*Asks:* 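The structure under discussion is supplied below as structure tokens; questions concerning it will follow.
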Amino acid sequence: MHIEIRGAEKLSFRERQVVVMKEMGKSTEEISRTLKISASTVATLYNRARSKGYEVVIVLPGDVLGLFHEEGNEDEQ
């Protein structure tokens with residue numbers, strides 16, 4: 001899996017860190033502990049980043065989604 005942030009140039013370094021961790025499913029508490037900042041700072045950074053209009057794109061290879069089957073494996077689901 002590859003995460004791409006379109007419009008990342010609009011975000012500060014710290015905002016990028018928070019956005020990536022949020023998009024990876026990390027909780028505010030986990031982000032707070034990892035970055036050694038308060039939960040309210042995490043929320044502020046995330047809300048500020050969202051207001052700047054970035055877009056997150058997750059790039060997945062087709063085989064991860066089971067879209068490309070080898071010959072003879074068409075019955076698998």
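Keep in mind that what you see is a predicted model, and the values were worked out from it rather than measured.
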*Asks:* Excluding sequence neighbours, so at least two apart, what forms side-chain contact (heavy atoms from CB on, under 4.5 Å) with S32?
*Replies:*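 Listed in chain order: V42.
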
*Asks:* I need the M21 CE to L45 CG distance, nearest 0.5 Å.
*Replies:*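 One gets 12.0 Å once the value is rounded to the nearest 0.5 Å.
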
*Asks:* Any chance you could pull the hydrophobic cluster mates of V59, using side-chain heavy atoms under 4.5 angstrom and chaining through other members?
*Replies:*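 Result for V59 is V57.
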
*Asks:* Any link between L11 and I58 through a network of hydrophobic side chains (Ile, Leu, Val, Met, Phe, Trp, Tyr) touching at under 4.5 Å?
*Replies:*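 Yes, L11 and I58 fall within the same hydrophobic cluster.
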
*Asks:* Write out all pairs satisfying salt bridge (Lys or Arg N to Asp or Glu O under 4.0 Å) with one or both partners inside residues 29-48, taking only residues at least two apart or from two chains.
*Replies:*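 Non-adjacent pairs meeting salt bridge (Lys or Arg N to Asp or Glu O under 4.0 Å): E15-R48.
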
*Asks:* Grab the two heavy atoms, one from I31 and one from K22, that are nearest each other, plus how far apart they are.
*Replies:*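 I31 and K22 have their closest heavy atoms at CD1-CG, 3.7 Å.
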
*Asks:* By side chain to side chain donor-acceptor pair (under 3.5 Å), which residues pair with T41, not counting sequence neighbours?
*Replies:*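 Partners of T41 by the side chain to side chain donor-acceptor pair (under 3.5 Å) criterion, ordered by chain and then number, come out as S38.
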
*Asks:* When you compare the side chain of R50 with that of V19, does any pair of heavy atoms fall below 4.5 Å?
*Replies:*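 Side chain of V19 against side chain of R50, heavy atoms only: no contact under 4.5 Å found.
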
*Asks:* With sequence neighbours left out, what residues match R6 under salt bridge (Lys or Arg N to Asp or Glu O under 4.0 Å)?
*Replies:*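 Here the qualifying residues are E4.
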
*Asks:* Begin from the C-alpha positions of T34 and Q17 and carry the test side-chain contact (heavy atoms from CB on, under 4.5 Å) through to its verdict.
*Replies:* CA-CA 10 Å; T34 301; Q17 287 179 312; over 6 Å; no

*Asks:* Applying side chain to side chain donor-acceptor pair (under 3.5 Å), can you list everything that pairs with E55, at least two apart in sequence or on another chain?
*Replies:*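 For E55, no residue satisfies side chain to side chain donor-acceptor pair (under 3.5 Å) once neighbours in sequence are set aside.
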
*Asks:* With S51, which residues qualify under side chain to side chain donor-acceptor pair (under 3.5 Å), at least two apart?
*Replies:*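 For S51, no residue satisfies side chain to side chain donor-acceptor pair (under 3.5 Å) once neighbours in sequence are set aside.
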
